Amino acid sequence: MRILIRNGRVIDPATNRDGKYDLLIEDNKIIEVSEKIDTDADKIINADNLWVMPGLIDMHVHLREPGFEHKETIETGSKSAARGGFTSICPMPNTNPPIDNEFMVEYIKVKAEREAIVNILPVGAITKGQLGEEMSNIGNMAAAGIVALSEDGKSVMNANLYKKAMIYSKNYNLPILAHCEEKSLAGKGVINAGSKALELGLSGISNDVEDIITIRDIILAESTGARLHLCHLSTEGAVRFLKEAKQRGVLVTAEVCPHHFALTVDDITGYDTNYKMNPPLRNRNDVDAILEALKSDIIDVIATDHAPHHEYEKNTTMDEAPFGIVGLETAVALTITELVDKGIITPMQMATKMSFNPAKILGINKGTLSEGSIADVVIIDPNFVGTVEPEKFASKSKNTPFKGRSIKGRVNYTFVSGIVVYDVANE
Amino acid sequence: MWNYKDFIGIKNLTKEDIKHILDLSFEMKQQMINDKAREIKQTRGNMTTLFFENSTRTKHSFYMAGQNIGLRVTDLAIGTSSVQKGESLMDTLQTIDSMGTDIIVMRHSESGSQEFAARNCKASIISAGDGTNEHPTQALLDAMTILDKKGSFEGLKVTIAGDILHSRVAKSNLYLLNKMGAKVTFTGPTTLVPKAITQMGAKVCYDLKESVKDADVVMGLRIQMERQNSGAFPDLREYNKTYGIDGAIFDYAKKDAILMHPAPVNWGVELDRSLFTAPYSVISEQVTNGVAVRMAVLYMIMEYRNNRK
Ligand SMILES: [Zn+2]
């Protein structure tokens with residue numbers, strides 16, 4: 001099987017290509033990228049005015065399986081990923097039971113093998129049961145194929161245990177994906193602390209909730225030499241600490257989610273629970289700091305924190321509703337609309353932050369369109385103009401605050417190992 | 001003219017809406033206190049009280065108000081219901097709604113629960129307080145009391161002391177008094193009076209005497225025991241010494257100032273016991289006005305429903 005993608009704008013950070021190229025896929029590999037490929041193919045795709053990027057990699061998703069299959073499954077989550085242009089996604093371990101030993105990792109891998117249409121790269125919990133009491137089976141999970149460690153949903157509050165896990169993880173060269181939240185300060189907060197919370201009578205989550213653990217984790221990364229990756233960074237302070245740590249050579253990277261650069265706390269309308277996520281939507285100055293850090297590459301990665309919840313779970317009060325929104329199928333459009341179109345980042349930076357850097361941080365051989373590599377490819381139409389339509393999502397859940405929002409850009413094709421897993425023509 | 005299905009907050013009301021309710025409230029009160037019970041405006045319909053937080057007084061006030069205007073009043077006793085067994089708010093609301101009540105008077109510990117109920121019920125929702133969001137009938141009865149004593153809101157200085165951060169009463173009062181032309185000053189410990197509330201149009205002052213100076217109205221708020229336990233201040237003794245209102249503090253206010261409190265009072269904490277019989281205290285009138293205001297609101301909502309049938 002040969003697929004020829006003609007005349008697209010190939011944007012590939014690994015080879016530093018950005019220009020008009022033809023790209024030829026044979027079976028599961030990219031076999032040629034050059035200005036003109038004259039050859040027969042089983043399928044020829046005209047990519048005039050389209051972007052051809054290495055398949056996107058989302059380091060931060062929640063697939064809810066096992067335990068919460070009413071929200072999402074490995075199968076539906078992978079379809080949502082394919083529709084969003086993602087060819088590899090990393091499910092967080094906060095399932096029920098959590099992914100904290102090699103048997104659970106095997107379970108995810110077997111399910112993925114059978115049902116997923118994109119690559120599923122599991123993340124293992126740092127502590128058993130994510131209870132923050134004992135180290136999980138990090139070594140066994142590494143052998144079973146996890147790509148990172150995370151306690152996502154919370155922080156390991158016991159600094160001694162956390163530090164030991166960081167040191168232990170070094171032997172397996174696994175990055176620590178850190179959700180930074182000081183639990184006692186966060187209290188029962190549901191949105192950003194400040195005048196909006198006061199007005200609505202809701203408990204607030206202040207910036208220091210995130211800042212304190214961010215700086216703690218940076219200090220521990222520095223003292224242990226472990227690789228730290230900050231998840232869903234949302235505050236001006238965290239950006240400042242990150243920048244300063246990078247300047248000193250600490251092994252730290254960071255991701256930001258589209259909602260944290262596309263929205264502020266002032267966008268929250270009434271008690272709409274689709275605006276409840278953790279970390280919460282912050283103030284303008286926080287968003288401005290994030291935009292600046294995306295531009296200057298202080299922030300390495302754009303990840304979605306795709307957090308599906310069933311409608312009945314979100315249709316309640318702000319206090320009762322679970323945190324989180326879906327993100328896989330809006331990430332490309334929001335990134336183009338809010339960052340690329342506004343001149344904050346280039347298309348090359350987009351490919352770097354959504355594919356090349358995640359691969360590098362996870363230490364996987366992906367995120368590239370170089371000849372001979374596995375054909376994980378996405379074709380994006382950056383000029384498409386439309387609105388966010390949750391009813392079309394492939395995800396089981398539709399919990400998004402972006403419903404009806406005008407956006408630019410969409411995914412036309414997604415290929416995983418040379419196979420078309422999404423084609424916009426089939427919508 | 002009232003044009004909303006529900007009554008869940010002051011924030012979105014106009015000055016005219018508020019005047020309309022207050023006029024009707026005074027009318028209701030006249031009939032009520034002059035023992036002309038047979039002349040009280042009557043309506044027909046069902047009303048269910050649904051109190052997820054205990055409040056014997058407020059519930060009883062609504063109960064009386066509903067009966068005074070001819071409603072058939074029932075209570076869903078949360079303490080003995082399946083709500084205790086983890087039934088969701090949505091389930092409870094849908095159950096009552098399906099039974100066909102006209103009005104649900106609800107109190108709930110979560111902010112926004114009234115809006116949620118209004119969105120999901122055919123019945124009219126009347127708020128008896130939600131979380132730290134609003135307690136609209138309390139603000140109305142306070143306004144009625146102030147108007148009765150002062151004749152107008154224009155330019156009045158209203159000082160409210162206590163736990164402003166967690167007070168739905170303070171917020172509903174702020175919305176209402178701002179709309180009507182009075183000026184609100186909040187005072188209390190820095191942990192309980194956030195500076196950010198100035199963005200909602202209040203003055204903030206952490207010195208009690210300074211706050212009370214030249215006030216027309218001084219209102220104490222109930223200090224909840226949980227606040228002390230949450231570490232917002234050391235203990236009730238210290239709170240009373242710093243922010244407790246007594247006769248000496250009251251001397252800083254205007255000569256004809258009135259003392260208000262949403263009740264029940266923690267005597268010896270936010271108010272000194274000596275104020276129990278103070279001539280400038282209007283606390284018991286607030287209670288009477290509470291019934292009148294609730295009669296007005298219930299009547300108004302029933303009129304709206306009947307006109308739409
Ligand atoms: Zn997280």
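The structure presented is a predicted model; accordingly, all values stated were derived computationally and were not measured. Just so we're on the same page: letters track the sequence lines, and every chain starts at 1.
Atom NZ of A/Lys403 is surrounded by 12 or fewer heavy atoms from other residues, nucleotides or ligands within 6.0 Å. Within 6.0 Å of atom NZ in B/Lys59, more than 12 heavy atoms from other residues, nucleotides or ligands are found, so the atom counts as buried in its surroundings. In this structure, A/Lys243 places its NZ atom where only 12 or fewer heavy-atom neighbours from other residues, nucleotides or ligands lie under 6.0 Å away. More than 12 heavy atoms of other shown residues, nucleotides or ligands fall within 6.0 angstrom of atom CG in A/Asn285.
Put simply, of B/Gly9, B/Ala117, B/Ala196, the one with the most heavy-atom pairs under 4.5 Å next to chain A is B/Ala196. With chain A as partner, the option from B/Ser109, B/Ser111, B/Gly131 having the largest number of non-hydrogen pairs under 4.5 angstrom is B/Ser111.
The nearest pair of heavy atoms linking A/Ser195 to B/Gln199 is OG-OE1, 3.0 Å. Minimum interatomic distance between A/Thr316 and B/Phe116 (heavy atoms only, all atoms of both residues): CA-CE1, 3.3 Å.
At least one donor-acceptor pair under 3.5 Å links the side chain of B/Lys171 to the backbone N or O of A/Leu198.
For the atom pair CG of A/Leu200 and OG1 of B/Thr132, the computed distance is 9.0 Å after rounding to the nearest 0.5 Å.
Heavy atoms closer than 4.5 Å to chain A are found in the side chain of B/Arg119, but not in its backbone. For B/Leu89, the part sitting under 4.5 Å from any heavy atom of chain A is the side chain, from C-beta outward, and nothing else.
Side-chain contact between B/Ser113 and A/Thr317 is present, with heavy atoms from C-beta onward closer than 4.5 Å. Counting only heavy atoms from C-beta outward, the side chains of B/Asn120 and A/Asn315 approach each other to under 4.5 Å. Considering only heavy atoms from C-beta on, A/Glu199 comes within 4.5 Å of B/Lys11 through its side chain.
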